[in-house]
Amino acid sequence: MSAEGSVPEVPIRDESIRLGQFLKLANLIDSGAEAKGVIADGEVSVNGEVEARRGRQLLDGDVVEIGGVAARVRSEQG
(Lines give C-alpha, C1' and ligand atoms only; values in the text may rest on other atoms or scores of the structure.)
Protein backbone atom coordinates (compact mmCIF):
# COMPACT_ATOMS: atom_id res chain seq x y z
CA MET A 1 0.00 0.00 0.00
CA SER A 2 1.01 3.62 -0.47
CA ALA A 3 2.92 5.64 2.06
CA GLU A 4 0.49 7.25 4.47
CA GLY A 5 1.09 10.80 3.26
CA SER A 6 0.36 9.98 -0.38
CA VAL A 7 -3.23 8.76 0.13
CA PRO A 8 -5.62 11.47 -1.08
CA GLU A 9 -8.07 12.77 1.51
CA VAL A 10 -11.78 12.99 0.73
CA PRO A 11 -13.69 15.43 2.95
CA ILE A 12 -17.04 14.43 4.44
CA ARG A 13 -19.57 16.79 6.06
CA ASP A 14 -20.36 14.71 9.13
CA GLU A 15 -18.35 12.69 11.65
CA SER A 16 -18.96 9.42 9.78
CA ILE A 17 -20.11 8.07 6.42
CA ARG A 18 -21.21 4.65 5.22
CA LEU A 19 -18.74 2.70 3.11
CA GLY A 20 -21.03 2.52 0.06
CA GLN A 21 -21.55 6.29 0.13
CA PHE A 22 -17.84 6.99 0.55
CA LEU A 23 -16.90 4.83 -2.43
CA LYS A 24 -19.15 7.00 -4.62
CA LEU A 25 -18.05 10.29 -3.01
CA ALA A 26 -14.38 9.44 -3.54
CA ASN A 27 -15.08 8.48 -7.18
CA LEU A 28 -13.74 4.99 -6.53
CA ILE A 29 -16.90 3.54 -8.14
CA ASP A 30 -19.72 4.87 -10.34
CA SER A 31 -22.91 3.72 -8.60
CA GLY A 32 -24.49 2.23 -5.50
CA ALA A 33 -25.13 -0.98 -7.40
CA GLU A 34 -21.43 -1.20 -8.21
CA ALA A 35 -20.60 -0.61 -4.53
CA LYS A 36 -22.76 -3.56 -3.52
CA GLY A 37 -20.99 -5.82 -6.01
CA VAL A 38 -17.38 -4.89 -5.27
CA ILE A 39 -17.96 -5.07 -1.52
CA ALA A 40 -19.69 -8.46 -1.81
CA ASP A 41 -16.81 -9.73 -3.96
CA GLY A 42 -14.26 -8.79 -1.27
CA GLU A 43 -12.57 -6.15 -3.42
CA VAL A 44 -12.76 -3.36 -0.83
CA SER A 45 -10.56 -2.98 2.23
CA VAL A 46 -10.78 -0.55 5.14
CA ASN A 47 -7.56 0.11 7.03
CA GLY A 48 -5.95 -2.89 5.34
CA GLU A 49 -8.70 -5.41 6.12
CA VAL A 50 -11.31 -6.70 3.66
CA GLU A 51 -14.73 -5.23 4.51
CA ALA A 52 -17.95 -7.01 3.55
CA ARG A 53 -20.46 -4.55 5.04
CA ARG A 54 -21.66 -1.79 2.73
CA GLY A 55 -23.10 0.03 5.76
CA ARG A 56 -19.80 0.04 7.67
CA GLN A 57 -19.42 3.42 9.31
CA LEU A 58 -16.18 5.12 8.34
CA LEU A 59 -14.58 7.71 10.60
CA ASP A 60 -11.95 10.41 10.19
CA GLY A 61 -8.63 8.88 9.15
CA ASP A 62 -9.99 5.56 7.85
CA VAL A 63 -8.36 4.46 4.59
CA VAL A 64 -10.48 2.73 1.95
CA GLU A 65 -8.82 0.84 -0.89
CA ILE A 66 -10.21 -0.78 -4.01
CA GLY A 67 -8.20 -2.08 -6.96
CA GLY A 68 -4.97 -0.56 -5.68
CA VAL A 69 -6.50 2.92 -5.37
CA ALA A 70 -6.89 4.34 -1.87
CA ALA A 71 -8.66 7.32 -0.29
CA ARG A 72 -8.64 8.60 3.30
CA VAL A 73 -11.76 9.84 5.11
CA ARG A 74 -11.34 13.41 6.35
CA SER A 75 -14.15 14.70 8.54
CA GLU A 76 -14.82 18.42 8.42
CA GLN A 77 -16.36 18.15 11.90
CA GLY A 78 -14.34 18.91 14.92
Side-chain angles (χ1 to χ4, degrees):
M1 191 156 127
S2 309
E4 203 165 302
S6 65
V7 175
E9 294 184 345
V10 177
I12 62 172
R13 288 187 304 251
D14 299 314
E15 290 183 10
S16 67
I17 187 170
R18 289 196 307 267
L19 178 57
Q21 292 175 314
F22 184 76
L23 289 171
K24 288 190 291 185
L25 179 66
N27 294 316
L28 296 173
I29 55 150
D30 295 325
S31 69
E34 186 180 354
K36 185 176 183 178
V38 296
I39 292 168
D41 290 344
E43 298 178 35
V44 178
S45 67
V46 177
N47 300 328
E49 296 185 8
V50 172
E51 180 56 66
R53 298 169 295 163
R54 188 170 38 145
R56 157 90 184 253
Q57 291 291 316
L58 302 174
L59 302 172
D60 186 61
D62 283 343
V63 175
V64 176
E65 185 173 357
I66 178 173
V69 179
R72 182 184 314 275
V73 178
R74 181 57 57 211
S75 175
E76 293 182 342
Q77 296 287 316

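Sorted by first and then second residue, the salt bridge (Lys or Arg N to Asp or Glu O under 4.0 Å) pairs with a member in residues 53-64 read E51-R53, E51-R56, D60-R74; sequence neighbours excluded.
When every heavy atom of V7 is checked against every heavy atom of R72, the shortest pair comes out as CG1-N, 3.5 Å. Between S45 and G48 the shortest heavy-atom distance is CB-C, 4.2 Å.
Think of V50 as one node in a network of Ile, Leu, Val, Met, Phe, Trp and Tyr side chains linked at under 4.5 Å; it has no links at all.
Proximity of V73 to L59: side-chain heavy atoms (C-beta onward) are nowhere separated by under 4.5 Å.
Looking at E9, its side chain never comes within 3.5 Å of a backbone N or O of A71 through a donor-acceptor pair.
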Identify all side-chain donor-acceptor contacts of residues 15-31 below 3.5 Å with residues at least two apart in sequence or on another chain.
| unit_1 | atom_1 | unit_2 | atom_2 | d |
| --- | --- | --- | --- | --- |
| S16 | OG | Q57 | OE1 | 2.8 |
| Q21 | OE1 | R18 | N | 3.3 |
| S31 | OG | E34 | N | 3.1 |

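V10 and V63 are members of different hydrophobic clusters when ILVMFWY side chains are connected at heavy-atom separations under 4.5 Å.
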